[in-house]
> 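So that we are looking at the same thing, I have put the structure below in structure tokens.
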Amino acid sequence: MSSTLDSLPPALAKIVQRFQRASEPKRRYEQLIWYAQKLNEFPEADKLPENKVPGCVSQVYITAALDDGKVVFQGDSDSQLTKGLVGLLVEGLHGLTPSEIVQLTPDFIQETGLNVSLTPSRANGFYNIFKTMQKKALESKIGH
């Protein structure tokens, strides 16, 4: 099980470990809310259809820009828990190259134990957010 952790980028591995220490669902939810609050203010001007994550029950927006070859994400959601998932991913994928991001698989959600706490629609939302971030990372690379 730790081999998965070893293969994760350091920031993401740290997040996974943080959730592993939160044994009960309530603590995991508190962690998610904390990640939601850490997100930078999302510009209203970026709340465009092309930045919307498809297949999410809540409104979720993601943007990606390339800064010195590394992807910088911004995200927002109208649901606190979903926003927490966005925050977790924004922090976990920060400073990676587009190819590093594209090579990741969303399996690490199982290591956090969150997949057990999330409703099926939220878990599905997590995968959609993750896939959108991968797509945006690739587009940021093409755009430059």
Side-chain angles (χ1 to χ4, degrees), residues 3-22 25-144:
S3 63
T4 312
L5 214 53
D6 295 338
S7 65
L8 288 177
L12 207 49
K14 194 190 280 179
I15 290 169
V16 169
Q17 288 168 324
R18 195 174 278 152
F19 276 99
Q20 285 175 338
R21 284 195 293 270
K26 186 176 178 290
R27 297 274 303 123
R28 290 190 202 120
Y29 282 134
E30 285 165 3
Q31 284 286 125
L32 275 183
I33 301 298
W34 183 73
Y35 280 109
Q37 291 163 344
K38 281 184 71 175
L39 273 177
N40 291 331
E41 193 66 41
F42 192 83
E44 276 302 315
D46 285 339
K47 291 188 177 178
L48 305 166
E50 62 265 27
N51 293 331
K52 200 165 183 276
V53 175
C56 274
V57 179
S58 39
Q59 304 280 319
V60 185
Y61 295 94
I62 298 288
T63 59
L66 218 49
D67 180 25
D68 206 17
K70 312 277 188 210
V71 183
V72 180
F73 288 106
Q74 271 195 296
D76 195 15
S77 173
D78 58 357
S79 147
Q80 273 301 96
L81 286 176
T82 308
K83 191 172 179 172
L85 291 171
V86 171
L88 180 161
L89 285 168
V90 166
E91 181 159 317
L93 304 180
H94 180 80
L96 298 177
T97 65
S99 30
E100 285 170 324
I101 291 167
V102 174
Q103 284 166 15
L104 283 173
T105 58
D107 307 347
F108 63 84
I109 190 74
Q110 273 133 19
E111 309 273 328
T112 63
L114 276 169
N115 55 320
V116 184
S117 311
L118 297 173
T119 61
S121 72
R122 280 219 180 88
N124 192 30
F126 170 82
Y127 289 105
N128 290 334
I129 294 164
F130 183 78
K131 290 287 174 215
T132 300
M133 289 175 86
Q134 285 186 314
K135 188 171 158 277
K136 293 266 180 200
L138 267 182
E139 287 169 3
S140 74
K141 188 176 168 182
I142 296 162
H144 287 84

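Being a predicted model, the structure only gives us computed values, none of them experimental.
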> Using modelled atom types only, decide if a donor and an acceptor are shared between the side chain of Q20 and the backbone of G113 within a distance under 3.5 Å.
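Here the side-chain-to-backbone pair does not exist.
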> What are the two closest heavy atoms between A22 and R27, and how far apart are they?
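The answer is CB-CB, 3.6 Å.
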> Could you report the tightest heavy-atom contact between F42 and I62, atom names first, then the distance?
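Shortest heavy-atom separation between F42 and I62 comes out as CZ-N, 4.5 Å.
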> I want to check something: taking the side chain as every heavy atom from C-beta on, are L93 and P9 in contact at a cut-off of under 4.5 Å?
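The answer is no, as the side chains (C-beta and beyond) never meet within the 4.5 Å cut-off.
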> Between V90 and G75, which heavy-atom pair has the shortest distance, and what is it?
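Minimum heavy-atom contact is CG2-N, 4.3 Å.
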> Side chain of Q31, backbone of L88: donor and acceptor closer than 3.5 Å?
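Pair absent, no side-chain N/O of Q31 close to backbone of L88.
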> Given M133, which partner from the list V86, V53, L89 fulfils the side chain to side chain contact (heavy atoms under 4.5 Å, CB included) test?
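Per the side chain to side chain contact (heavy atoms under 4.5 Å, CB included) rule, the option paired with M133 is L89, out of V86, V53, L89.
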> For the atom pair CG (L81) and CZ (F126), what is the distance rounded to the nearest 0.5 Å?
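Spacing of CG (L81) from CZ (F126) equals 13.5 Å.
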> Rounded to the nearest 0.5 Å, how far apart are NZ of K141 and OG of S99?
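The OG atom of S99 is 4.5 Å from NZ of K141, to the nearest 0.5 Å.
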> Have a look at L32 and tell me which of T112, L114, T82 forms a side chain to side chain contact (heavy atoms under 4.5 Å, CB included) with it.
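Of T112, L114, T82, side chain to side chain contact (heavy atoms under 4.5 Å, CB included) with L32 is met by L114 alone.
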> Give me the atom names and distance for the closest heavy-atom approach of N115 to I109.
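Distance-wise, the nearest heavy atoms are OD1-O, 3.4 Å.
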> Atom CG in N124, atom SG in C56: separation rounded to 0.5 Å?
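Reported to 0.5 Å precision, the distance equals 7.5 Å.
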> Side-chain contact test, heavy atoms from C-beta onward, threshold under 4.5 Å: evaluate it for Q74 versus P43 and give yes or no.
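Heavy-atom side-chain distance check passes, below 4.5 Å.
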> Should the heavy atoms of other residues, nucleotides or ligands under 6.0 Å from NZ of K52 be counted, would the total exceed 12?
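Enclosed: over 12 neighbouring heavy atoms sit under 6.0 Å from NZ of K52.
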> Look up atom CG in L104 and atom CG in L8, then write down how far apart they are to the nearest 0.5 Å.
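One gets 7.0 Å once the value is rounded to the nearest 0.5 Å.
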> Please say whether more than 12 non-hydrogen atoms of neighbouring residues, nucleotides or ligands are located less than 6.0 Å from CD in E50.
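Yes - once you tally the heavy atoms of other residues, nucleotides and ligands closer than 6.0 Å, there are more than 12.
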> Would you compute the distance between atom CD1 of I101 and atom CD of Q103 and round it to the nearest 0.5 angstrom?
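Answer rounded to 0.5 Å: 10.5 Å.
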> Keeping the roles fixed (side chain from D78, backbone from Q59), state whether a donor-acceptor pair exists under 3.5 Å.
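Judged by distance alone, yes, a pair lies under 3.5 Å.
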> Given L66 and V71, is the side-chain contact (heavy atoms from CB on, under 4.5 Å) satisfied, shown in steps?
CA-CA 5 Å; L66 218 49; V71 183; 3.8 Å; yes
> Would you compute the distance between atom NE2 of H94 and atom CG of D67 and round it to the nearest 0.5 angstrom?
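Answer for the NE2-CG pair, H94 versus D67, is 8.0 Å.
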> Of all the heavy-atom pairs spanning P98 and G69, show the shortest one and how long it is.
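Smallest heavy-atom distance, with atoms named: CD-O, 3.6 Å.
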> Does G55 offer a backbone N or O that forms a donor-acceptor pair with the side chain of N128 under 3.5 Å?
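Yes, the answer is positive, given that a donor and an acceptor are paired below the 3.5 Å cut-off.
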> Would the number of heavy atoms belonging to other residues, nucleotides or ligands and lying under 6.0 Å from NZ of K70 be above 12?
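Above 12, so yes.
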> List the atom of N51, the atom of K136, and the distance in Å for their closest heavy-atom pair.
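Here N51 and K136 meet closest at OD1-NZ, 2.7 Å.
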> Assign the ring pair F19 / Y35 to parallel, tilted or perpendicular, where the plane angle (0 to 90°) is split at 30° and 60°.
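Parallel, since the angle between the ring planes stays under 30°.
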